[in-house]
Amino acid sequence: LPHLVAAVSAAALFLLGLTAFSWYAERVVDRHIYQLAGSRYAQKDLGLVVQQVALRHADLLPLFGTSEIDRLSRYHARDLFADAPTGFSVLTVARPGTPIFETMLNLGALGRTLRGRKVVISLSPPMFLFPDGFLLDERWAANFSPVHTLTLLLDSVLSPPLKQQLAQRLVERPALLARNRVLEVVVRAAADGSATARLLHYALLPLAHLQRQLLLTQDRILVFGHIMKMAPDRAPARSPGARPLDWPALVADATAEFQARASANPFGVDDDWWSRLHTWAEAQRNTLTDDEFLRIMARSATWLDFEQLLRALRELDAQPLILSMPFYAPYMAHQGVSPAAYRQYYSRVRALAHQYGVRTVIFDDHESDRFFFHDLWSHISPRGWVYFDQALDAFYHDTLR
Amino acid sequence: VALTAYYLAILFGVMALATRGAFTNPSFVYQGF
């Protein structure tokens, strides 16, 4: 009997303690949300609590992407909108190499909190140029989030057929699922879809929910610890809507700043980048033909990722905007690919997005813009960022043409 | 009290095991495309 009493007391104290901590941690996250929203902090991308709290603030625009969004620039939306000059700041969710499929799992995990919410997703064209994905195993290992996947599968917002298709694709990556045994069984049951698997799914539900709660608590513990270590004076002073932005002046300033460190190479990209990688870049001369380029692009599994992302966004009833860097015309010519070939990327992205009623801004009118690109890997220069910022501002204020 | 603390320690241990490695992803060193 003493053991029973002690075990029950311990379980009660444990649950009470975790519930109280979760409630308190969420309040602390909320108090620091503007400081966290634009920060480069891995737990924000891999967990959920920061994103969920941020989505309660209508003046935070979520911006999902990959390395092009993660990188630093004085003209990056995270800095330009930090004090909400036109009424909003951005929540960035982006890590180097994030596969679009993981972005979709993340959005699916946010579920109902995205209903009616504006959300921006940035695409990187090179991701569509590798049939089997470029370093996909490494990119998945770096960006896969068990709590996103489990939450998506346990939540009822996405339709069962879509969840089954997503689970079937995850089963092809056993190394990721091996990181969490409960998740692995849940994913395999969801992928199977047979009556036995459904039975197994229902039998596993209590354990799966418990596992998810433990992961969500761990997320709160990690974020809470991070906040305790954050410098208190790093929070930007917000003065919403107090400072209208002079876009032509910003374009001129950003261009002048970048031009000064991008004029010692033939492409007008960052000189430091060029000095490190010019041998690689020069070796790309005439390495492709139009036919090869189109064949590679057509076979890329990223198109399926993109289509499933669009489908998920529709089921989530979000208001998405798809942004994409263009291809850099001088570099494509250097590689041997004609505009008629690489512009098919623009048409296909637009056609797919249009099919799902999603707006796009591809910046293809900047494909020959000399200082728009930080490097030859589709990263955004300071000048490029000002145009991205302008699009984000127009989207947030419903003035996007 | 000692028994309760013992069971609490077990529960925290189970939690640590159940969440092990969930948020410790290796970093992806960007090599470009």
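Bear in mind the structure is a predicted one, so any value in this text is a computation, not a measurement. Naming convention: chains lettered A, B, ... in sequence-line order (proteins, then strands); numbering from 1 in each chain.
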Rounding to 0.5 Å, atoms CG (B:Leu17) and CZ (A:Arg181) come to a distance of 13.5 Å
Hits for ring-ring contact (aromatic ring centres under 6.0 Å, His included) against A:Phe327, two or more places apart or cross-chain, chain-then-number order -> A:Phe293, A:Tyr342, A:Tyr345
B:Ser27 and A:Ala142 have their tightest heavy-atom pair at C-CB, 4.2 Å
If one checks every heavy atom of A:Arg95 against chain B at 4.5 Å, the contacting part turns out to be side chain
Honestly, the part of A:Leu183 sitting under 4.5 Å from a heavy atom of chain B is neither
Okay, B:Phe12 and chain A: the region with an atom under 4.5 Å from a heavy atom over there is both
Looking only at A:Ser9, A:Pro2, A:Ala141, A:Ala42, the option with the highest number of non-hydrogen pairs under 4.5 Å against chain B is A:Ala141
Counting heavy-atom pairs under 4.5 angstrom with chain A, the leader among B:Gly21, B:Ala22, B:Ala5 is B:Ala22
On a heavy-atom basis, the closest approach of B:Phe23 and A:Val147 is CE2-CG1, 3.8 Å
For residues 212-220 of chain A against chain B, heavy atoms under 4.5 Å, the residues are A:Leu214, A:Leu215, A:Thr217, A:Gln218, A:Asp219
A:Tyr41 meets the ring-ring contact (aromatic ring centres under 6.0 Å, His included) criterion, sequence neighbours left out, with A:His226
*asked:* Quick one: does any side-chain atom of B:Asn25 pair with a main-chain N or O of A:Phe144 as donor and acceptor, under 3.5 Å?
replied: yes
Point to revise | Residues, nucleotides or ligands: over 12 heavy atoms within 6.0 Å of B:Arg20 CZ | key: no
Side-chain donor-acceptor distances from residues 13-22 of chain A under 3.5 Å, at least two apart:
unit_1	atom_1	unit_2	atom_2	d
A:Thr19	OG1	A:Leu15	O	2.6
A:Ser22	OG	A:Leu18	O	3.0

